[in-house]
Enquirer: 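Submitted below is the structure of interest, expressed as structure tokens.
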Amino acid sequence: MRLVGCGSALPVASIANDALSARVDTSDEWIRSRTGIGARRVAGPGETVTTLATDAARASLDHAGWEPGDVDLILLATSSPDDLFGTAPRVQAALGARKAVAFDLTAACSGFLFALITAAQYIRGGTFQRVLVIGADQLSRWVDWDDRRTCVLFGDGAGAVAVQADSGGPDDLLGFRMRSDGSRNACLTLAQTEEHRPLIGELSSQTGGFAPIHMNGQEVYKFAVREVPAVLAEVLEGCGITAADLDWLLLHQANQRILDAVAERFSVPAERVLSNLAAYGNTSAATIPLMLDEAVRDGRIQPGQRIASSGFGAGLSWGGALLRWSGPAH
Ligand code: COA
């Protein structure tokens, strides 16, 4: 498989740390020093997971030089769908990608990486030739804006990549590992509420609805700085390369301190660590393709370069991948 295009989309409205302190007891200094975050985008009227995902997907199609009708599969990684039955088909319709099968994949902040690895299996198995992998989230819907421990961290956005079968060239997914540990699920949840409503006689049925994001920040932090280096070390070893051979470290953008700790473990210099946390915060499934798109478009990531990537978060779930960026053929 080859990575041949990328795109991204963001809501218009940006909320800076100082503006948040008008709502909760926080400060720019606290947020920046603990997380590296300076602002986050929040979807307004008319902006949804569908519109953001569609805009990102369209940009990646144009970048790859594909027509919507070329796409065989649309995989949408999201934990904040517009429709619990699936948001990917809405994106398929909006793109006019008539022959594409489209479905959602939920693995929180690991979602994009898991979806990219899933796409690779369909391509390698010969089922599909052209796949759009999208990461899009609108966690502003599910944040308790009065909880300063979580509301400062998250933002909305979308990113997408175009992945193409190519039996001749080198494969752009050089290696990967995926992990889940549901026994630690309670560390970070966006869970169904437990309310029941009377149904018939003694019978009741559960009322649909979710509680806002709940997080044990310290446990999640410890999990990330322990598991991300471990899984990346396995990936690199499996590929027979060392961190010195890497061009870029492209981690899920959760917290600058996590990025710095992982970089230090592998002795990757700061200028090789991609970060846009300051502008967008944690956009969940969108962070990796959003950051990739920014660095491809501004010329930092060049064709043929090797990128170590890791997604991690709720589930708990985490994974690592060694990628190569081919870019468009035209
Ligand atoms: N502004 C000001 N004070 C805040 C605050 C905020 N936004 N959020 C928390 N605090 C306060 C707490 O209330 C606490 O005060 P108290 O001691 O009076 O109760 C104090 O700061 C320390 O809280 P703590 O939770 O121990 O802070 P921390 O140093 O662990 O930093 C995180 C909190 C969330 C920044 C940090 O734990 C973290 O980054 N965890 C990982 C989160 C993450 O990446 N999640 C997504 C994974 S995909």
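Counting starts at 1 for both ligands and their atoms, following the listed order. Along the sequence shown, residues are numbered consecutively beginning with 1. Below, all heavy atoms of this structure are taken into account, side chains as well, without hydrogens, waters or symmetry copies.
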Enquirer: Tell me if a side-chain donor or acceptor on Ser80 pairs with a main-chain N or O of Gln138 at a distance below 3.5 Å.
Expert: yes
Enquirer: Under 4.0 Å from atom 44 (O) of ligand 1, is there at least one protein heavy atom?
Expert: yes
Enquirer: Between Ser310 (side chain) and Gly319 (backbone), is there a donor-acceptor pair under 3.5 Å?
Expert: yes
Enquirer: Would you kindly specify which portion of Asp25 sits under 4.0 Å from ligand 1, judged on non-hydrogen atoms: side chain, backbone, both or neither?
Expert: backbone
Enquirer: Need the ligand 1 atom indices (1-based, order shown) with element for anything under 4.0 Å from a heavy-atom of Val152.
Expert: 7 (N)
Enquirer: When you measure from atom 14 (C) of ligand 1 to every protein heavy atom, which one gives the shortest distance, and what is it?
Expert: Arg148 NH2, 4.5 Å
Enquirer: Which residue holds the protein heavy atom closest to atom 36 (C) of ligand 1, what is that atom called, and what is the gap in Å?
Expert: Arg257 NH2, 4.0 Å
Enquirer: Mark up the atoms of ligand 1 that fall under 4.0 Å of a heavy atom belonging to His252, in ascending order.
Expert: 48 (S)
Enquirer: Around Gln206, counting heavy atoms of other residues, nucleotides and ligands shown, do more than 12 lie under 6.0 Å from its CD?
Expert: yes
Enquirer: Is the charged tip of Arg179 near the ring of Trp318: under 6.0 Å from the six-membered ring centre and within 45° of its axis?
Expert: no
Enquirer: Quick one: does Gln218 get an N or O within less than 3.5 Å of an N or O on ligand 1?
Expert: yes
Enquirer: Indicate the ring-plane relationship of Phe223 and Phe312, choosing parallel, tilted or perpendicular according to the 30° and 60° boundaries.
Expert: perpendicular
Enquirer: To which protein heavy atom is atom 1 (N) of ligand 1 closest, and what is the distance rounded to 0.1 Å?
Expert: Thr26 OG1, 2.7 Å
Enquirer: Measuring to protein heavy atoms, does anything land under 4.0 Å from atom 30 (O) of ligand 1?
Expert: yes
Enquirer: I'd like to check which ligand 1 atoms, numbered from 1 as shown, lie under 4.0 Å from a non-hydrogen atom of Cys109.
Expert: 48 (S)
Enquirer: Would you say atom 12 (C) of ligand 1 has a protein heavy atom nearer than 4.0 Å?
Expert: yes
Enquirer: Does the protein put a heavy atom less than 4.0 Å from atom 41 (C) of ligand 1?
Expert: yes
Enquirer: Here's a test for you: under side chain to side chain contact (heavy atoms under 4.5 Å, CB included), which of Met215, Lys222, Glu219 qualifies with Cys187?
Expert: Glu219
Enquirer: Is atom 17 (O) of ligand 1 near the protein, in the sense that some protein heavy atom lies at less than 4.0 Å from it?
Expert: no
Enquirer: Do Ser14 side-chain atoms and Arg41 backbone N/O form a donor-acceptor pair below 3.5 Å?
Expert: no
Enquirer: Just to confirm my output: which protein heavy-atom neighbour is closest to atom 39 (O) of ligand 1, and how far is it?
Expert: Asn255 ND2, 2.6 Å
Enquirer: Considering only non-hydrogen protein atoms, determine which one is nearest to atom 20 (C) of ligand 1 and report residue, atom name and distance to 0.1 Å.
Expert: Trp30 CZ2, 4.6 Å
Enquirer: Just which atoms of ligand 1 are under 4.0 Å from any heavy atom in Asn282?
Expert: 46 (C), 48 (S)
Enquirer: Closest non-hydrogen protein atom to atom 47 (C) of ligand 1, residue and atom name please, with distance?
Expert: Val220 CG1, 3.6 Å
Enquirer: Would you confirm whether Glu294, through its side chain, and Leu290, through its main-chain N or O, come within 3.5 Å as a donor-acceptor pair?
Expert: no
Enquirer: Give the numbers and elements of all ligand 1 atoms closer than 4.0 Å to a heavy atom of Phe312.
Expert: 48 (S)
Enquirer: Can you list the ligand 1 atoms lying under 4.0 Å from a non-hydrogen atom of Thr35?
Expert: 35 (C)
Enquirer: If the cut-off is 4.0 Å to any non-hydrogen atom of Ala254, which atoms of ligand 1 fall inside it?
Expert: 44 (O)
